2 protein chains.
Amino acid sequence: MNEAGPGTKTRILDVAEDLFAEQGLDRVSIRDITEAAAVNLAAVSYHFGGKFELIAEVFERRLRPVNDARLVALDRAEKELGLKLKVEEILTAFIQPAIECCPGHEKGSKAFAKLFGRCLAEPRPEIENLLRRQFEPLVERFEKALIRALPHLSRADVFWRLKFTFGALHHWMLTKDRFIPAWAVKTDLDQQTEKLIAFASAGFKAQ
Amino acid sequence: MNEAGPGTKTRILDVAEDLFAEQGLDRVSIRDITEAAAVNLAAVSYHFGGKFELIAEVFERRLRPVNDARLVALDRAEKELGLKLKVEEILTAFIQPAIECCPGHEKGSKAFAKLFGRCLAEPRPEIENLLRRQFEPLVERFEKALIRALPHLSRADVFWRLKFTFGALHHWMLTKDRFIPAWAVKTDLDQQTEKLIAFASAGFKAQ
DNA sequence: GTCTATAGGTGGATAGAC
DNA sequence: GTCTATCCACCTATAGAC
């Protein structure tokens, strides 16, 4: 790999991420990507094997660090505050890392939120497997922490409530810059994050 | 219109709904639809104008009755129980009609949940406008009822919490038959509905 | 209203020169 | 690693016969 500038492979990934997020996986062609990245048409086949492998790599490149950060945040909270965390602390570890990848935060990718939404709505079974690999260990880990925090809840309740929380987060990410009335746009990202954590925590504590 | 059997137009809509829900809008061609519906290739152009108009009709045919039912349910609850409803009652009017279109209920369309998810993740601006038309008056109506139920909340809080609720519902619909561990599948549809309403109601009542 | 045939375009992939 | 040229499958839309 001869590094001069971002390198062909990285440049393809960056451009593909933007285009996929904006237009969807199917309406973006390899031609669109390679033209926008100013690389040769054949470069995608050479570096990734084909369009699908490129898609998978685009997703994993963003999902992996977010989910890693979630686990790190939970581990750290348990180390600092003890094994029996408050619901708010657990959900902050889950929600904050995702939001920090959104535009508005310095390291946020403009495309991350939309890309993430597309990934979840994507019907291809290969993408579903990718999601399963990424999320199953994560969900198990957070479920354990949540059961410790709310020992009166059944495992099923924790599971479904985590699903609802995930849905609220995901839909918020996917639509946070659309369908917002003028009077609500002044709510900034940190406020929205707080609102979401408060909402989900209260939901978990229901009954 | 000479009605013998479901009629060409309806048959196209039914088949398109299934295929779109299962495979996504872009990977289903007019050829796939007309072959599966056993009608001529040119029938889509003749009856709808083109692929996009078919897509819009497929979505609206399902969304309109659900959103109408939501408004009817809210009106009825206010007539029966008085203007100041409980949060649970308002959210039931919002959530129940959507769930009754899901498989498991007698009149439920097998494809509705997935179709609905696709529709929300769809990037085309025309679909976004369709969603706006469908949801803006609905959201306004429910916001008013929720502000009456929770007068201490700011309008912004009600707005964001309704968005979170919508996200929980939508993600649940999109993934309720995927990513479910074996031990959780025994939770039936009505139980899941109750859990969602309880979760969201508690979220609304936070603080 | 239904059908065939086809125009006119775009897609992913790849062989083979450099 | 990069590039050109090209293959071939597939798409939507439509003209025009029935």
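A, B, ... follow the sequence lines: proteins, then strands. Residue 1 opens every chain. Given the structure is predicted, the values throughout are model-derived calculations rather than measurements. Hydrogens, waters and symmetry mates play no part in the numbers below; they use all other heavy atoms, side chains included.
- In terms of the side chain to side chain contact (heavy atoms under 4.5 Å, CB included) criterion, residue partners of A:Leu174 (sequence neighbours excluded) are, by chain and number, A:His170, A:Arg178, B:Ala121.
- Counting only heavy atoms from C-beta outward, the side chains of A:Gln134 and A:Phe59 never approach each other to under 4.5 Å.
- Rounded to an integer number of Å, the gap from CZ of B:Phe48 to P of D:dA13 is 13 Å.
- OP1 or OP2 of D:dT4 has at least one side-chain nitrogen or oxygen of A:Asn40 nearer than 4.0 Å.
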### Query
What does nucleotides 13-18 of chain C look like as a protein-contact string, B for base, S for sugar-phosphate only, - for none, at under 4.0 angstrom between heavy atoms?
BB----
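- Atom P of nucleotide D:dA13 and atom CG of B:Leu54 are separated by 10 Å, given to the nearest angstrom.
- Atom CD of B:Gln23 is separated from atom C1' of D:dC11 by 15 Å (rounded to the nearest Å).
- At the phosphate of C:dT2, OP1 or OP2 sits under 4.0 Å from a side-chain N or O atom of B:Thr8.
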Please list, one pair per line, the donor and acceptor atoms closer than 3.5 Å that link side chains of residues 135-147 of chain B to other protein atoms, with sequence neighbours excluded.
unit_1   : atom_1 : unit_2  : atom_2 : d
B:Arg141 : NH2    : B:Asp75 : OD1    : 2.9
B:Arg141 : NH2    : B:Glu78 : OE1    : 2.8

Report, one line per pair, each donor and acceptor closer than 3.5 Å where one atom sits in a side chain of residues 188-204 of chain A; sequence neighbours left out.
unit_1   : atom_1 : unit_2   : atom_2 : d
A:Asp188 : OD1    : A:Asp190 : N      : 3.0
A:Asp188 : OD1    : A:Gln191 : N      : 2.9
A:Gln191 : OE1    : A:Asp188 : N      : 2.9
A:Gln192 : OE1    : A:Trp172 : NE1    : 2.7
A:Gln192 : NE2    : A:Thr187 : O      : 2.7
A:Thr193 : OG1    : A:Leu189 : O      : 2.7
A:Lys195 : NZ     : B:Asp157 : OD1    : 2.9
A:Ser201 : OG     : A:Ile197 : O      : 2.7

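- Between the CD1 atom of A:Ile33 and the C1' atom of C:dT10 there is a distance of 15 Å, given to the nearest Å.
- B:Gln23 meets the side chain to side chain contact (heavy atoms under 4.5 Å, CB included) test with B:Leu19, B:Val28; sequence neighbours excluded.
- Between A:Ala43 and B:Val28, the residue whose closest nucleotide on DNA chain D is further toward the 5' end is A:Ala43.
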N/O donor-acceptor pairs under 3.5 Å from side chains in residues 89-101 of chain A, not counting sequence neighbours:
unit_1  : atom_1 : unit_2  : atom_2 : d
A:Glu89 : OE1    : A:Lys86 : N      : 2.9
A:Thr92 : OG1    : A:Glu88 : O      : 2.6

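- In this structure, CD of B:Glu35 is placed 11 Å from P of D:dC10, rounded to the nearest angstrom.
- The CZ-C1' distance, from A:Arg27 to D:dC10, rounds to 17 Å in whole Å.
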